[in-house]
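Note on naming: letters A, B, ... go to the chains in the order of the sequence lines (proteins, then strands), and numbering restarts at 1 for each one.
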Amino acid sequence: MSYLSLQNLRKDYGGKIFAVDDVSLAIEKGEFVTFLGPSGSGKTTTLMMIAGFEQPTSGHIALAGRAIDPVPPHKRNIGVVFQNYALFPHMSVARNVGFPLRMRGVPKAEIAARVARLLAIVELGAFADAEPRRLSGGQQQRVALARALVFEPDVLLLDEPLGALDKNLREQMQIEIRRIHRELGVTTIYVTHDQTEAMTMSDRIVVFNGGKVEQVDAPLALYRRPNTPFVAGFVGDNNVLDATHAGGGRIELPGVGPIAAALPSDCPTGPLKIALRPESIRLAAGSDAPAFTVQGIVNYGDSVVLVGALGTVPLKIRLPAVAASNLTVGQILRIEWSPDAVHVIGTAR
Amino acid sequence: MTPTKSTPHRPDRLALILLAPLLVFLVVFFLVPLGEVMWMSITEPSFGFGHYGKVLLDPHYRRVVLDTLGTSLMVTTVCVLLAYPLAYVTAQIGGTIGAVLLMLVAMSFWTSFLVRTYAWMIILGNRGPVSELLKATGWDPPPLMLFTRFSSTVALTHILLPIMVMALYAVMRKIDLNIMKAAASLGATPFSAFRNIYFPLSAPGIVSGSTIVFVLCIGFYVTPVLIGSPREQMISGMIGAQIEEFLAFGEASAMAMVLLVVTVAILAVYHRFFGLDKLWG
């Protein structure tokens, strides 16, 4: 039995549409799991059901082998960090962090020691007596993190904790949160709609869409072998293309003809959806390679994305900046990719 | 001087022009009469501070001042106790129930307090529903409720309650719901979360609501005069009686000045600690 298990969780708000629709997950002790999905995909609702703020319409949640469905939030021993920090404005930083310990009747001296330790871990020891509102957003979020960790929760839930921070601070905090996770080893569930954040931080990613789980996998596996067109398009940049498998490992794009692809042996014949990463495509030397018409050029500094068409099929290509100098709109390029860059998503309807 | 520094002067002058009618109005209809009252308090009928001595030292007047403060304190306390749960439900639960409650409060607020005072006259009258109910339950003859301190306290509480509700609601609406969720996730029982988080965060509303209600209450005229006890007058009623019945303009003016000083003192203390701009949430 896994440490935290969600069994067939459903949540509806009285309508026909499920905010969370039959979600089952098994999370191991000490894991860092990210719930990734667009807004309204059910990831936050699932998190709030784990925290106990929302009651599932049906289904069960078990923590360490014990059903926690009837347990109220304050008895679950689960730490929660909110996007807007939710610090107590009338308490100092130290009193905020000490709050869960005071609620548990921990002796004063021990509270002081544990608060000092956690503030040291989040590197805010010098701010113990400060009012929360005097701190920057990043510092406030670290206080919230310390407060959610000081009572040694069984699970730490983070609800888009970095959503209110600017980009640089966000990357710094990602590293910080990972470091703290390594140091304390607490089972962590992290909710975000930012796929880069999910890729860089997680042991495993759960992709949510429309209230359902699309795929659960390690970041790289998710990136290389998306199970659904949604995952292929949502995690990283991708070309999701309609193709046909005529049999014998030959795959054809409509209007283009056969393309280089290494298909798995169990690949069904007929219509398919394939994924081809923009960065796996490169410029070809020969003149018999497929022709790509450049329709737009987007410069990212370190790389360049070419938007265009392979025959009639819209396609995106990402090239290193050095390889893409002197390209112009309207130009016809010869392109190639390694056959195993083509990933078969599933049978197209 | 740079242009950016000199430009703000123009809006200042414009603001002054726009404010001018109000300022003229206040000077003519507020400051001048107020100065006249102040002047009368030391010159009517002859120059001297004797009225102030009398108002502050005469046992009868002191009694009126203490009664007024006592009644106002009672009204304020009852208002807090009644308004807090109402504002809490309105601010936290919201939705239809919250909207209906807020509507009821607002309707009561918009009804003339003269009308509401007469309503209490009927309700608490000798043949009113409360008396009949008490009679029916065996309290016969029922206690005299109208024209007592009890009736004026009840009516004043009802009249000033919406103001307390709104002062509390303004503060409570701003309390982040995630803060209460955070408190729960950190191990606080609902009661403990209320005591340690919600109550302290809503306390500014209690202070400002109480200040407004208390200040309005000590100067309230109509209700105490109409249904209060003639023997336990409040300051405003006393001032009115001095002028209408005894033509004692000097004494009445001195009392009015005392009332003004007490009011300003309360607001000054509030301003010292919280800032008057926070009074309305």
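- Sparse packing is recorded around NE2 of A:His193, with 12 or fewer heavy atoms of other residues, nucleotides or ligands lying under 6.0 Å away.
- Neither the backbone nor the side chain of B:Ala193 comes within contact range of chain A; no heavy atoms are under 4.5 Å apart.
- The parts of A:Arg147 that come within reach of chain B are both its backbone and its side chain, each placing non-hydrogen atoms under 4.5 angstrom from that chain.
- Between A:Pro89 and B:Asp176 the shortest side-chain heavy-atom distance does not fall below 4.5 Å.
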Stepwise side chain to side chain contact (heavy atoms under 4.5 Å, CB included) test for A:Arg102 and B:Asn196:
CA-CA 11 Å; A:Arg102 289 200 298 281; B:Asn196 290 291; over 6 Å; no
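- Here the closest heavy-atom approach between residue B:Ser185 and residue A:Phe151 is recorded as O-CZ, 3.8 Å.
- The line from CG of B:Leu186 to CZ of A:Phe88 is 5.5 Å long, rounded to the nearest 0.5 Å.
- Put simply, CG on A:Asn84 and CD1 on B:Ile179 are 7.5 Å apart, with the number rounded to the nearest 0.5 Å.
- Looking only at heavy-atom pairs under 4.5 Å with chain A, the residue among B:Leu201, B:Thr189, B:Asn178 that has the most is B:Asn178.
- In this structure the side chain of B:Ile197 reaches within 4.5 angstrom of the side chain of A:Phe99, judged on heavy atoms.
- With a 4.5 angstrom heavy-atom cutoff, A:Leu87 touches chain B only via backbone atoms.
- Heavy-atom contacts from other residues, nucleotides or ligands closer than 6.0 Å to CG of B:Leu34 number more than 12.
- In this structure, chain B has a heavy atom under 4.5 Å from the side chain of A:Arg104, while its backbone stays farther away.
- Within a 6.0 Å radius of CZ in A:Arg117, no more than 12 heavy atoms belonging to other residues, nucleotides or ligands are found.
- In terms of heavy-atom pairs under 4.5 angstrom with chain B, the leader among A:Val81, A:Ile78, A:Asp159 is A:Ile78.
- The minimum heavy-atom distance between A:Phe82 and B:Lys181, with the atom names listed, is CZ-CB, 3.6 Å.
- A:Met103 and B:Ser192 make their closest contact through SD-OG, 3.0 Å (heavy atoms, listed as atom of the first residue, atom of the second, distance).
- Within a 6.0 Å radius of CD1 in A:Ile17, other residues, nucleotides and ligands contribute 12 heavy atoms or fewer.
- Within 6.0 Å of the CE atom in A:Met91, the count of heavy atoms belonging to other residues, nucleotides or ligands exceeds 12.
- Side-chain contact between B:Pro190 and A:His74: present, with at least one pair of heavy atoms (C-beta onward) separated by less than 4.5 Å.
- Other residues, nucleotides and ligands contribute only 12 or fewer heavy atoms inside 6.0 Å of the CZ atom of B:Phe113.
- When each of A:Ala51, A:Ala86, A:Pro153 is scored by its heavy-atom pairs under 4.5 Å with chain B, the top score falls to A:Ala86.
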